[in-house]
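Following: one structure in structure tokens, then a few remarks.
Position 1 is the first residue of the sequence; numbering continues from there.
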Amino acid sequence: MLKPVPVEPVLSVKELYTLYYFHHESGYRFAGESHDFWEIIYVDKGRASGINGTEPYTLEKGQIIFHHPNVFHNFRTDGAPDAEDGADCDIFVVSFNGELEMLEQFRDHIFTLSMHERHLFREMIEEGKQVYDKPFGKNLVYRKDAPHEPEHLPGAKQMIRNLLEQLLISLYRKQQECPAQVKSLPMQSLGMEYQIVRQVVTFLDQNIYNNITFVDVASHFNLSETQLKKLFREVTGYSVMQYYRKSVVGRIEYHIRQMDKNFTELADLFNFSSIHYFSKFYKRETGHTLREYLKSSQDVSLP
């Protein structure tokens, strides 16, 4: 008589948050964000670069990077106009959560995908189109106006989860068996300018609750404001305070989702002089109010 053979999963995706396929022209810049779930950026065409935590990175066609929960990240497209794939960039983004302790070893690593792994991404997009029949450039797995609407094709989100888990296991094996296809950040042989920028990013992260100014940052590093502005933008493509404000917004939204403090307590935590200025800052940076974010913040879980 046959006995059952238990299957012990090495990882499990429990929730999907986003599934995007973007086409960006050369020079596009995403200012950045942080959130409490995992995210993968995959360059399907062209080239992209940005910051992952304190580390600058560059992705070529066929490469991915993992953004860990609560790590600030951004990107820009910077392909050369005479490159084989042109100056534009096609980017795949998927964000998710679950029982994923294994992924901790992917921190600050860039993977070059095999043809099979690239095909898994394309299959995810095809399944994503079957969830709500939304166009590229939109979140294929979520409808804000009707988050609980049934899938157009039953099982589409489950198929996306299955494909994503296949990809993650394949990358885990690759890291063990084909280390030449996995690169650790920093990618650059860090010169002085990169070292300074990494120190600046660390300083900003350490002061995320202190409502610091650009003058504070320049003074701390004994740099002129012009020097700091030029150096940071040359390495990252972004301004110092743009990075800082996006980091603060990401942390504010984290606390809102956790519901561990009310808005007045958050204003005090982030060192704002009043709830009025705190609310005004958030509205200016995001285009919506704190209460609107509180109302709309909800997980998109798999069935």
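Rounding to the nearest 0.5 angstrom, the gap separating the CZ atom in Phe106 from the CD1 atom in Ile64 is 8.0 Å. Taken from CD in Glu39 to NE2 in His35, the straight-line distance is 4.0 Å, to the nearest 0.5 Å. Rounding to the nearest 0.5 angstrom, the gap separating the CG atom in Leu269 from the NE2 atom in His255 is 5.0 Å. To the nearest 0.5 Å, the span separating CE on Met124 from CD1 on Ile160 amounts to 8.5 Å. Separation of atoms NE2 (His119) and CG (Leu167) is listed at 12.5 Å; rounding is to 0.5 Å. The line from CD of Glu165 to OG of Ser170 is 13.5 Å long, rounded to the nearest 0.5 Å.
A donor and an acceptor atom, one from each side chain of Ser26 and Thr77, are nowhere located under 3.5 Å apart. Using modelled atom types and a 3.5 Å distance limit, the side chains of Glu15 and Tyr17 yield a donor-acceptor pair. Side-chain contact annotation: Glu253 with Gln258, donor-acceptor N/O pair under 3.5 Å absent. Between the side chains of Asp44 and Tyr21, a donor-acceptor pair is found at a separation under 3.5 Å. No side-chain donor from either of Thr202 and Asp205 sits under 3.5 Å from a side-chain acceptor of the other. Donor-acceptor pairing under 3.5 Å is lacking for the side chains of Asn52 and His73.
The shortest distance between side-chain heavy atoms of Asn97 and Val13 does not fall below 4.5 Å. In this structure, Arg233 and Ser239 have side chains that are in contact, with non-hydrogen atoms separated by less than 4.5 Å. When side chains are defined from C-beta on, Leu266 does not count as touching Leu290, because their heavy atoms never get closer than 4.5 Å. When side chains are defined from C-beta on, Ile41 does not count as touching Val94, because their heavy atoms never get closer than 4.5 Å. Contact check for Ile51 versus Tyr57: no side-chain heavy atoms found under the 4.5 Å cut-off. Taking the side chain as every heavy atom from C-beta outward, Ile40 and Ile65 never approach each other to under 4.5 Å. Counting heavy atoms from C-beta outward, Ser34 and Asn70 have side chains that stay 4.5 Å or more apart. In this structure the side chain of Phe92 never reaches within 4.5 angstrom of the side chain of Tyr20, judged on heavy atoms.
At a threshold of 4.0 Å, the pair Arg257-Asp36 counts as salt-bridged, since one of the basic side-chain nitrogens sits closer than that to a carboxylate oxygen. A salt bridge is defined here as a Lys NZ or Arg NE, NH1 or NH2 lying under 4.0 Å from an Asp or Glu carboxylate O, and Glu127 with Lys157 fails to meet this definition. Between Lys295 and Glu292 there is no salt bridge, since no side-chain N of the basic residue sits under 4.0 Å from a carboxylate O of the acidic one.
Although no hydrogens or angles enter the test, the distance criterion places no donor-acceptor pair under 3.5 Å between the side chain of Ser219 and the main chain of Val215. A donor-acceptor contact shorter than 3.5 Å links the side chain of Glu151 to the backbone of Gly155. The main-chain N or O of Arg173 is never found under 3.5 Å from a side-chain atom of Gln176 such that the two would form a donor-acceptor pair. Although no hydrogens or angles enter the test, the distance criterion places no donor-acceptor pair under 3.5 Å between the side chain of Asn210 and the main chain of Ile212. A donor-acceptor distance shorter than 3.5 angstrom exists from the side chain of Gln175 to the backbone of Gln105, with no hydrogens or angles considered.
With sequence neighbours left out, the salt bridge (charged side-chain N to carboxylate O under 4.0 Å, His left out) criterion links Glu285 to Arg245. Residues satisfying the ring-ring contact (aromatic ring centres under 6.0 Å, His included) test with His152, not counting sequence neighbours, are none. Annotation: ring-ring contact (aromatic ring centres under 6.0 Å, His included) contacts of Tyr42 (sequence neighbours excluded): Phe121. By the salt bridge (charged side-chain N to carboxylate O under 4.0 Å, His left out) test, Arg29 pairs with no residue at all, sequence neighbours left out. Taking the ring-ring contact (aromatic ring centres under 6.0 Å, His included) definition, one finds that His68 meets it with Trp38, sequence neighbours left out. His288 pairs by the ring-ring contact (aromatic ring centres under 6.0 Å, His included) definition with Tyr282, not counting sequence neighbours.
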Between Asp216 and Thr213, does the side-chain hydrogen bond (donor to acceptor under 3.5 Å, both in side chains) criterion hold? Intermediate values first, please. CA-CA 5 Å; Asp216 294 330; Thr213 67; 3.0 Å; yes
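Within a 6.0 Å radius of CZ in Arg291, other residues, nucleotides and ligands contribute 12 heavy atoms or fewer. Remark: Phe214 CZ is packed, more than 12 non-hydrogen atoms of other residues, nucleotides or ligands lying under 6.0 Å away. With a 6.0 Å radius and a threshold of 12 heavy atoms from other residues, nucleotides or ligands, Tyr254 has its OH atom at or below the threshold.
Between Phe75 and Tyr28, the ring planes lie tilted relative to each other; the angle falls in the 30° to 60° range. Ring pair His109/Phe111 is tilted by interplanar angle, where 30° to 60° counts as tilted.
When ring centroids are compared, Phe37 and Phe96 stay outside the 6.0 Å threshold.
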